[in-house]
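First comes the structure, then the notes that go with it.
Read the numbers this way: they start at 1 and go in the same order the structure lists the ligands and their atoms. Side chains included, hydrogens not; waters and symmetry mates left out as well; all remaining heavy atoms used.
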Amino acid sequence: MESFVFCRAYHLGAPDRVFAEESAPEHYPRDRTFHLRHVRLNIRLDEREGTVEGTATLTLSPLNDGLRDIDLDGEDLHIQKVADSDRKSLDFEHDTRKLKIRLGRAYKAGTEFTLSIAYDCKPKKGMFFIRPSKTYPRHPWMIWTQGEEEDNRCWFPSYDAPNQRMTSEVIVRVNEKHFAISNGRLLKESRDARRKTRTFHWLQEVPHPNYLITIVSGEFDVVEETWEGVPLQYYVPKGRGPQVKDTFRYLPSMMTFYSKVTGLKYPYPKYAEAVVQDFTFGGMENTSLTVLYDGCLVDPHTRPDYRPEGLFAHELAHQWFGDWMTTKSWGHLWLNEGFASYFDPLWFEAEFGRDEFQWRMHEVAQGYFEEDAKSYRRPIVTHKYHDNEDMLDSHTYNKAACVLHMIRYVLGEDLWWKAIRHYVRRHAISNVETNDFKVAIEEATGRNLDRVFDQWFYKGGHPDFEVSWKYDDKTKLVALTVKQKQEVKDLTPLFLTPVEIELHVKGKARRERIEVSRPEQTFFFDASAKPDMVLFDPDNWILKKLTFEKQKDELLHQLQHADRVMPKVQACEGLGKILHDDDVLSALKAALTKDPFHAVRRAAAKALGEIRTEDAKATLMAGLKDKDSRVRRAVYEALGQFREDDEAFEILGKAWREETMYYAAGTAALAMGNSRHPRAFDTIVKGLDRPAHGNIITRNGLSALAELRDAKAIDLVKKYTRAGEPEWIRQAACNALGKLGDYLEDKRDDIRDILVLHLRDTNYRTKIGAIQGLGTMGDPKAIPELQKVQEQEPIGTFRRLARRTVKQIQEKVAERAKKVEQQAELDKLKDENKDLKARVAKLEGQVEKVLKKRR
Ligand SMILES: [Zn+2]
């Protein structure tokens, strides 16, 4: 599953120690008393009423002798009747979450029997009914499900935990105008003219866990192609068929890549991608049927700023890592999500090359660092958390992907792929836990990675390196000192890791491999002359923070001669700190205009924005003509650093009006917001309603207006929070209101009232926006309302977000109080200082007088 791409802000900064909290309950895998072999759903969906009715037939086999009763999951289901294989009625007890069935006899281990459960329900989650309404008359009729993590129990009774795999069968009756897709292959389709319904019969023959069972129904444009005999089917909302070809153009390449590197050809009878309205995540990897949010559909003005390939590659990789092999419990969720998050960049590496891959891995790491710095630190593998949804964080996704990347480095290319293929073969169609992967590596390669697993999966944190080097002319030795600056405590270890060093001596590059293991170490290398540069981990294999202070000459050399992305980007960062230097400006200009890789050109633009002199501004202009919109965006961002600068503002205003690339126009707005130019408000308002991918122009425009801190924005922004506006815009508007409330203290009461109202909204994203907005505003009066969400909301994502937001507000309040205190302290010091100065002056005067007298 992928949190929607725009929304890493999901993980709001809060110093909350959710995972380390003593109060967080433990979640270990559930004991099994039976093997659930097959789930057969025969149900009718009523799209008008939002209801499900039918029968779930479960085929079970006891694991031990004497099975007399069965515990199943079913949330808010109305159970009509339970019968056994002989159609005999069975006793059952049912509360709002559990269904206990008394079998009426003792079954022996290995025997097989069925239970038929007749039920009906109106799901609050798990299955979602989308329909046209007064406020959204153009919404399509659509039904889709989201089972992960344990929400399928809200639309059928079953064993709903990941540590059980079964084949599944879905016979679903829907409105005759609609199509219904499910897992596996379509056995039969029939129509009932009298009832005006259509029935679809799907069969999933490869056992999979309950949470991957899905149904998507509605009216779609359908496009189909074939990859090596496997149908690839794209279901998109009516009218959006023309976008399919371009949007999904890389899918066959991904199928080929994953099939090749895992040693397992895509193992299901079809691969369908269904794009649905109002989806709550970016995508969900249901077996052979991925559900996607509609923002994945692109047009020629979207790439390269937004690439849906990351999402598609992630979800497709799950068909192997997640579906073919599944985490045994949510505590090991990284085995699904870390793999999908690493195999996505791996596909980019195969398709677009090393630079693109290394840059993507850098960005993946940033996601983790942000969570680690602002929210919390935890081991990747843990069983302590509040909601299952807590596990959907950047430790599970980003950090685990970075750890897999390091394992690849430690093993080397051949052994890494050998280990992956063995793991996929060895654990085919089964549940896995972290140790299974470690053992698979050992079996395939002989390498024991216990230490790597201990420090990276079972402990927290990362090394924080401080590196420096010196050259001794007499001994002809380079001394490289490496310090680990992280505070070594219970959770955070001292790291032991190999690292590559690159030395450039007299125009020649050479690599050395060192092993870092202590708080401080010095390594010596022969060098016939002083190196022009020394690089630490130039390929960026290691997940780390790095401080490596360098002189101007080395940085200039590095920017020009390093042949990897990260050293060049780091050189730009270093040069960005040097003001008033012509060599620096011309080197950054060369990088901005000539470097073949977009991220280096962007880093050069960013550095010029940091330097922020008139000359730097003039140099930046060279990047405006870049054909890559990502680079132009970096230039706009840098120009936004020139506060209230007329020349910069003119350029940004022009970009806002004229950029045809959506994200470039959106970035121009944000930059104007940053510039706080007096004419920014009117300029932004004029272009606010242009249609764009993911409504990015309006969203960024609203955010920029808030950044201008002008109270007149409030009424305007409010309008965009209302029902009838696209949901992405409503979310952005709620966020913008929160920001205005943060800046404008006297408006907080008014803004809080509006946001609290949206906490009760039925729209998913609006509600998220309202929670986020309250968090940004940092108003403690909102806490009781957020606590209601935390306690009463059925959907886990809201509970989790509300819990974090409460912590975020408490932190913000404490921070504000601290600032006030510091200011008072400062004022006091100033007064004392003044007093002291006066006294010194007086004393000096007296001394002077005495001296004069003596003369
Ligand atoms: Zn995922």
Pair Asn735-Gln772, side-chain donor/acceptor within less than 3.5 Å: yes
Can you list the steps and then say if His395 with Tyr376 is a ring-ring contact (aromatic ring centres under 6.0 Å, His included)? CA-CA 10 Å; His395 282 74; Tyr376 53 79; 5.5 Å; yes
Let me check your reading of the structure: within less than 2.8 Å of the Zn ion (ligand 1), is there an N/O/S atom from Glu285? no
To make sure I understand the geometry: which N, O or S atom in His314 is closest to the Zn ion (ligand 1)? NE2
Taking the N/O/S atoms of Glu337 one by one, which is nearest to the Zn ion (ligand 1)? OE1
Donor-acceptor list for residues 225-236 side chains, cut-off 3.5 Å, not counting sequence neighbours:
from	atom 1	to	atom 2	distance (Å)
Glu225	OE2	Tyr234	OH	2.7
Trp227	NE1	Thr256	OG1	2.9

Suppose we screen for side-chain contact (heavy atoms from CB on, under 4.5 Å). Which residues come up paired with Asp76, at least two apart in sequence or across chains? Thr96, Lys124
